[in-house]
Protein chains: 2
Amino acid sequence: MKNLETKSNKVSLKEIARLSGVSIATVSRVINNTGRFSEETKHRVLNIVKKNNYRTNTLARSLRTKHSNSIGILVPDLTNDFFSKVVQEIEKNLFKVGYSTIICDTQRDPDMENYYLNTLEAKSIDALIVISGDHPFDSDSLTEKVPVLCIDRKPKNKDTIFISSNHKTGALIATQRLIDKGYFPVYVSPDHVSTSRASRISGFKHALELNSIQFTQSNSLELKAPNQESYDKTIEEFLQKNKDKRLGLFCLSDYIAAIAIRQIHKLNLKIPNEIGVIGFDDTKYASLLNPSLTTIHQDTSKIAELSAKTITKMISSPSTDVKKNIEVPVTLVARESA
Amino acid sequence: MKNLETKSNKVSLKEIARLSGVSIATVSRVINNTGRFSEETKHRVLNIVKKNNYRTNTLARSLRTKHSNSIGILVPDLTNDFFSKVVQEIEKNLFKVGYSTIICDTQRDPDMENYYLNTLEAKSIDALIVISGDHPFDSDSLTEKVPVLCIDRKPKNKDTIFISSNHKTGALIATQRLIDKGYFPVYVSPDHVSTSRASRISGFKHALELNSIQFTQSNSLELKAPNQESYDKTIEEFLQKNKDKRLGLFCLSDYIAAIAIRQIHKLNLKIPNEIGVIGFDDTKYASLLNPSLTTIHQDTSKIAELSAKTITKMISSPSTDVKKNIEVPVTLVARESA
DNA sequence: AAGAGTTGAGTAAACGTTTGTACAAAAATA
DNA sequence: TATTTTTGTACAAACGTTTACTCAACTCTT
């Protein structure tokens with residue numbers, strides 16, 4: 001038999017106070033355990049609280065205290081394996097230390113990004129973690145009010161804390177491996193270009209330099225396209241045109257790598273003998289592709305842990321300055337594709 | 001040169017009222033465009049509002065009005081391709097009609113689920129959309145307060161609105177295809193078992209019935225396991241043991257299918273000649289696997305659209321009753337694997 | 001030109017908290 | 001015992017809105 005009182009929609013401090021014969025203030029102090037009450041009243045109040053299934057109205061609380069115990073996260077695309085993993089891990093970390101997380105998928109749309117920035121600010125979030133869309137994050141007005149932390153994509157303002165994988169080194173390692181194995185190195189880049197992608201490309205180029213290879217047009221394959229089919233076509237054409245070379249594709253993401261491998265199969269080229277492929281991210285499908293994908297592993301757990309730690313530190317002691325640029329090491333995971 | 005006033009942290013209705021020489025009430029009415037003001041004051045106030053970069057404090061607003069224009073979403077695992085897609089699409093749909101979305105990843109953890117339920121309730125969300133974890137969703141206390149809509153996994157309470165793909169039919173179609181192609185049908189199920197999985201299994205069994213095939217132990221492969229490696233092993237053993245049969249694997253998700261295909265390759269079995277594989281979900285990697293994966297396509301867009309539409313209708317007119325059980329058709333996408 | 005309706009405002013209460021101030025009673029100190 | 005300190009509590013303001021009431025000043029009706 002369910003307690004009928006559960007139905008009552010609104011049980012406030014006032015009601016609890018009335019029921020237990022003390023003042024609202026006392027109830028509040030008991031609930032927040034902020035002292036100045038006797039053991040006896042404590043028990044009495046807590047009993048009534050439980051019996052009436054009282055929940056603090058956090059709206060009112062936040063309005064009064066100016067903070068909400070919640071942290072906003074802006075993410076450009078939740079269906080992206082890397083992003084969703086990072087976000088999930090951050091949430092897990094923050095949950096452990098008592099913060100609730102508000103995740104907002106901006107769909108890489110500046111309008112939505114702004115919209116959510118506003119609603120989050122209006123919700124008195126205690127801090128903001130942002131993975132920006134295709135344009136560098138740039139909101140000084142908010143940054144003045146709450147701690148802001150950027151992940152993966154460099155913010156416009158150099159003073160904003162920024163955590164990311166060491167993309168450049170990752171690309172360097174991958175490219176060096178391709179070169180070492182005698183492939184003709186080519187980077188394959190998708191449509192969306194972010195600062196992280198840029199770093200990877202720069203790492204790629206650096207590797208060529210180190211090996212005294214002159215970077216030319218044929219070392220890159222840019223996939224400008226609205227949909228996957230035209231990706232397919234562009235890749236196929238490129239492969240056809242460069243049949244003479246033993247290509248080593250450094251794909252800027254595992255997903256691109258998967259598409260490339262698919263096209264390679266269509267042309268009946270043998271991986272890794274006739275062509276090599278390396279990806280980036282080490283998402284959950286990397287080991288499941290056929291052949292399994294050699295790729296650069298991003299340490300999502302580390303990124304998430306660092307992000308959570310840093311942001312909570314920034315909240316609790318805004319004065320102590322933290323490192324502005326944190327780079328998380330990446331590792332190459334050698335599998336079959338190169 | 002940036003406006004210095006941007007820095008001021010707190011500009012409230014009161015301040016705007018003072019600045020424009022009218023009462024707070026008038027400013028409020030202008031901002032919400034709720035009448036009872038002259039064109040002249042409107043312009044004056046709006047100017048001041050703009051100049052001072054005023055933002056409504058939604059906390060205060062919600063506290064007063066009892067609603068927040070935001071909708072909570074509970075999701076068991078954001079790294080799951082199907083879930084993240086659905087959630088993203090819902091968010092897009094709700095955004096278009098002016099709702100902001102609060103996404104919470106419960107990590108299939110009942111504790112986190114409860115925690116978020118509480119914080120969401122405390123935030124005065126206008127409605128809740130839930131994809132439950134491994135246990136059917138069961139929160140009548142909340143359901144009494146705001147509209148609740150369940151997706152994909154059947155809620156405990158039969159009166160809760162429920163939207164999902166037609167899992168049973170999907171499984172039926174897939175299994176029938178395997179049978180038609182002369183395979184010995186086997187369903188492959190992962191660890192987590194949900195009501196949606198159960199429906200799929202039931203569809204599978206129904207297909208056997210229709211074809212007068214007796215369901216036995218060897219028609220199922222249950223992957224009870226903590227990690228992917230032991231998945232691998234279980235699958236390998238099963239394949240070895242059933243070498244004599246021409247197996248047709250109906251995998252309860254694309255991800256499982258990918259793992260299975262990987263093992264099949266290891267044993268040098270030829271797909272689709274010696275063994276067939278069909279998945280479920282049609283996630284973005286389905287077409288990229290090798291061979292590409294025949295699978296059951298879930299219409300995430302439709303599910304999302306329906307969810308958004310239904311929930312907004314429930315909010316605006318709680319009295320009109322909507323269909324309690326909405327099934328979204330699925331389609332088979334024929335590719336190479338079976 | 002008198003009454004009725006409309007328009008443009010202001011006042012103040014309310015939403016549910018937290019917290020500074022106040023103060024009596026009890027406890028500790030001298 | 002007289003004084004100080006601590007303890008337990010209440011009161012009331014404040015957070016930033018929305019909105020039900022008022023009400024004076026217009027604008028129409030006849």
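Below, chain A is the first sequence line, B the second, and so on; all start at residue 1.
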Inter-residue atom distance A:Glu91.CD - B:Leu78.CG, 0.5 Å rounding: 7.0 Å
Contact nearer the 5' end of DNA chain D, comparing B:Leu59 with B:Arg29: B:Leu59
Nearest listed nucleotide, side chain of B:Ser28, among C:dT11, D:dA10, D:dT19: D:dT19
Between CZ on residue A:Phe83 and CZ on residue A:Arg153, distance to nearest 0.5 Å: 4.0 Å
Separation of atom CZ in A:Arg55 from atom P in C:dT17, rounded to whole Å: 12 Å
Listed nucleotide nearest any side-chain atom of A:Val22, set D:dA10, D:dG16, C:dA9: D:dA10
Nucleotide C:dT19, atom P - distance to CG of A:Asn33 in whole Å: 14 Å
Distance-only side-chain donor-acceptor flag, B:Asn80 / B:Arg108, under 3.5 Å: no
Rounded distance in Å - CD1 (B:Ile31) to P (D:dT19): 13 Å
Parallel, tilted or perpendicular, as decided by the 30° and 60° cut-offs, for the rings of B:Tyr116 and A:Phe95: tilted
Can you pull every protein N or O that's under 3.5 Å from an N or O on nucleotides 12-15 of chain D?
unit_1: D:dA14; atom_1: N3; unit_2: A:Arg64; atom_2: NH1; d: 3.3
unit_1: D:dC15; atom_1: O3'; unit_2: A:Lys66; atom_2: NZ; d: 3.0

side-chain hydrogen bond (donor to acceptor under 3.5 Å, both in side chains) against A:Asn47, all qualifying residues, sequence neighbours excluded: none
Within residues 36-44 of chain A, residues whose heavy atoms come under 4.0 Å of DNA chain C: none
Nucleotide D:dT17, atom C1' - distance to CZ of A:Arg61 in whole Å: 20 Å
Rounded interatomic separation in angstrom, taking CD from B:Glu15 and P from D:dT17: 11 Å
